[in-house]
Amino acid sequence: MAKYYLTTTLPYVNAAPHLGHALEFVQADVLARSRRAAGDEVVFNTGTDEHGLKIYRKALEEGKDPAAYVAEYAAKFDDLKHALNLSYTNFIRTHTPEHMAAAQEFWRRCAATGDIYKKQYAVKYCVGCELEKTDSELVDGACPIHPSLTLETIEEKNYFFRFSKYQVPLLALYRARPDFVVPEARLREITSFVERGLTDFSISRLKAKMPWGVPVPDDADHVVYVWFDALVNYISTLGWPHSASAEGEAPRGTPETFSEWWGSVERPNAVQVAGKDNLRQQSAMWQAMLMSADLPPSKQIFIHGFIGIDGQKMAKSAGNIIDPFVIAEKYGTDALRYYLLRELPAYEDGDFSIAKFEEAYNGSLANGLGNLVSRVVKMAATANCALPKPRAEAGVRADTVETLDAVPEFDTLWKAYDEGLAEFNFKAAADAVWAAIAMTDRHIQSTEPFKKMKTDPEAAKRDILALLADIRAIALHLAPMLPGTSEKILAAVMAPSSDFKPLFPRLH
RNA sequence: GCCAGGGUAGCUCAAUGGUGGAGCAGGGCUUUCAUAAGGCCAAGGAUGUGGGUUCGAAUCCCGCCCCUGGUACCA
């Protein structure tokens, strides 16, 4: 049984979850569910990034203790598990003793390699981004993403990470693994970035100014810069360093598991999902940090785009933040998952609007999937036939289940489906399922089992059994994407009822 | 400025040298098993622009216009 390790980035808990978070979680969830269905053992990690200046200030603003503040927000993000029906196995919070100890140990290893040193530092800094800004990045002297915030000038002695040392190894990594970053355009982007040369970056802050972070080992005056701390979650969630083969460390949990999950240099195993704003952190900074700590790189990093709202950027200042809880509550979890997976471009920015959402809902969910299932289930109920329970349990792939193929062309569609998922092309995978739905609708029209029921009941029964099998194949392929809907269909094909309720009631 | 990607039907996109396709929306016809659902048909495009290469260009080359993303750090 293969081990599949998958992680999202950790949302920074300075604001409530929005549609962009939902996109990343749902995409990752599809990967996790499909691998589980294929028989892999899966660790699916997510969580919350809880340190840094912005959070510290926000907590004080709200008159809260930072620890209480981040705990409250972590709970909000964890609630998405139910609202979006997510199957993550790990939810890591960076403000926990285990993670903080891991971040410190990671620091020590980089220091031992000679990659951490102290130097005088002066730079403009955007509190909104938690990132340093150069003049070339500024628009009218302000951060383009947070124009209302005043840039701070930081001038202090900080610890630096020897990023520059890893230019050549990073380029070698990119060259050796053409699918290290998906899509390709993003790999080219990061390659070009690294080719232009790397400069060491600051990885600490003066505790006197910013106490909310992981203490720097052996230096009480500094805390670890939030990025350096947060990225370590990908391995601390696996129990690193305690479960690693670190000498003198007492194993925690199952000792040998870290390298099985994270992988080795020869066979890296960690798949990361991140937004395009995180390209640099995930595919360059984090990889260099891993090299420095003598740990294997990630296996693959998938970069998704952003979601615009009615053609505009989603932003607090624009007042157009879409709350995934609200959408899921109103239209259903699977309706939201459907939109995120199929109605957005695979690798680029997409757009959301209530009008588009409702159009897609009616067209593909109510009229397409829902109606097909209704018509087949009702015919089956009338003809009094049903599929036997599958020999294997639910979750087994369709091709391993006995089917009476009414529509043999499904095979090519399922191939496209598999290829889509392998390339993180959720839209392509979903398109294959909807092509199967359309094909089945056409098949019903051309074979007319509803007429045969009156003239030749036995022939009708054969047709309908085959249709039930097709619906089941569709449901099994739908399972990673729309798990709740898939379950309903699988239940219905084994016990068709004339009271079957529409899966997605049409919106008017 | 530089790097990368893009500009194709009303909308979202496909088609990397061989008669421009699909989905959705809009139009017409039609079935009745189904959620006023389904099916069929037609319409809809000087492929941003100006040149060039070629028997042949959405596709390759050059110029231009526009859009998107990136452009850390040092000076």
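All values reported here derive from a predicted model rather than from experimental measurement. To find a chain, count down the sequence lines: A is the first, B the second, and so on, and within it residues start at 1.
Between B:rA72 and A:Arg196, no contact under 4.0 Å exists linking OP1 or OP2 to a side-chain N or O. Contact between the side-chain N/O atoms of A:Arg280 and the OP1/OP2 oxygens of B:rU71 is found at a separation under 4.0 Å. Note on A:Lys276: every side-chain N or O is 4.0 Å or more away from OP1 and OP2 of B:rU68. The phosphate of B:rC33 has neither OP1 nor OP2 within less than 4.0 Å of any side-chain N or O from A:Lys452. Taking 4.0 angstrom as the limit, A:Arg506 places a side-chain polar atom (N or O) nearer than this to OP1 or OP2 of B:rA37.
In terms of position on RNA chain B, the residue among A:Asp277 and A:Arg342 whose nearest nucleotide sits closer to the 5' end is A:Arg342. In this structure, A:Lys451 and A:Ala366 both approach RNA chain B, and ranking their closest nucleotides by distance from the 5' end singles out A:Lys451.
Across all strands, A:Gly370 comes closer than 4.0 Å to base atoms (heavy-atom distances). Using a 4.0 Å heavy-atom cutoff across all strands shown, A:Gly197 reaches at least one base atom of the nucleic acid. Base contact: A:Leu198 has a heavy atom under 4.0 Å from a base atom. Within 4.0 Å (heavy atoms only), A:Glu348 reaches no atom of the nucleic acid at all. Within the 4.0 angstrom heavy-atom criterion, no nucleotide atom of any strand lies near A:Ile464. If you check every strand for non-hydrogen atoms under 4.0 Å, A:Phe504 touches a base.
Across the C1' atoms, B:rA22 and B:rU71 are found 37 Å apart, a figure rounded to whole Å. Comparing B:rG28 with B:rA43, their P atoms are spaced 16 Å from each other, to the whole Å. B:rU32 sits 15 Å from B:rC40 when the C1' atoms are compared, rounded to a whole Å. A gap of 12 Å separates the C1' atoms of B:rA9 and B:rG23, to the nearest Å. Between B:rU53 and B:rG70, the distance separating the two C1' atoms is 33 Å to the nearest Å. Between the P atoms of B:rC41 and B:rA36, the separation comes to 24 Å (whole Å). As rounded to the nearest Å, B:rG44 and B:rA4 have C1' atoms that lie 34 Å from one another. Taking the C1' atom of each, B:rA57 and B:rC62 are spaced 15 Å apart, rounded to whole Å.
Note: CZ (A:Arg462) to C1' (B:rC33) measures 18 Å, nearest angstrom. Between the C1' atom of B:rC11 and the CD atom of A:Glu358 lies a distance of 17 Å, rounded to the nearest Å. Taking atom CD1 of residue A:Ile471 and atom P of nucleotide B:rU35, one finds them 14 Å apart after rounding to whole Å. Between the CD atom of A:Gln281 and the P atom of B:rA72 there is a distance of 13 Å, rounded to whole Å. A:Met379 places its CE atom 10 Å from the C1' atom of B:rG38, with the value rounded to the nearest Å. The separation between A:Met453 atom CE and B:rA34 atom C1' is 11 Å, rounded to whole Å. The interatomic distance linking A:Leu413 (CG) with B:rG23 (P) rounds to 14 Å, in whole Å. One atom, CH2 of A:Trp434, and another, C1' of B:rG38, lie 17 Å apart when rounded to the nearest Å.
A cation-pi arrangement is absent between A:Lys378 and A:Phe500, since the terminal nitrogen or guanidinium carbon is not both under 6.0 Å from the aromatic centre and inside a 45° cone about the axis.
Set against B:rC33, B:rG69, B:rA34, the side chain of A:Ser374 has B:rA34 as its closest nucleotide. Of the candidate nucleotides B:rU31, B:rA37, B:rU35, B:rA37 has the atom lying nearest to any side-chain atom of A:Asn367. For A:Glu448, taking side-chain heavy atoms from C-beta onward, the closest of the listed nucleotides B:rC33, B:rC24, B:rU31 is B:rU31. Side chain of A:Lys378, nearest nucleotide from B:rA34, B:rU31, B:rG69: B:rA34. The side chain of A:Gln445 has B:rC33 as its nearest neighbour among B:rU35, B:rC33, B:rC24. Of the listed nucleotides (B:rC40, B:rC33, B:rA72), B:rC33 has the atom at the smallest distance from the side chain of A:Lys454. Of the listed nucleotides (B:rA72, B:rG70, B:rG38), B:rG38 has the atom at the smallest distance from the side chain of A:Arg375.
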inquiry  = If a pair means Watson-Crick or G-U wobble with both distances below 3.5 Å, what does RNA chain B look like in dot-bracket form, with | marking bases paired to a different strand?
reply    = (((((((..((((....[..))))..((((.......))))......(((((..]....))))))))))))....
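Annotated as anti: B:rA25, whose O4'-C1'-N torsion sits more than 90° from 0.
No donor-acceptor contact under 3.5 angstrom links the side chains of A:Thr333 and A:Asn85, judged on distance only. For the residue pair A:Gln282/A:Tyr234, the side-chain donor-acceptor check at 3.5 Å is satisfied. Between the side chains of A:Glu24 and A:Thr9, at least one donor N or O sits under 3.5 Å from an acceptor N or O. Between the side chains of A:Arg109 and A:Thr113, no donor N or O sits under 3.5 Å from an acceptor N or O.
If you check distances only, the side chain of A:Thr199 does reach the base of B:rA72 with a donor-acceptor pair under 3.5 Å.
If you look at A:Phe201 and A:Trp227, their ring centroids are not closer than 6.0 Å.
The minimum heavy-atom distance linking A:Cys110 with A:Ile116 is given by the pair CB-CD1, 3.7 Å.
A salt bridge does not link A:Lys452 to A:Glu448: none of the charged nitrogens lies less than 4.0 Å from a carboxylate oxygen. Salt bridge absent: A:Lys461 and A:Glu458 never bring a charged side-chain N and a carboxylate O closer than 4.0 Å. Between A:Lys119 and A:Asp200 no salt bridge is recorded (no basic side-chain N to carboxylate O distance below 4.0 Å).
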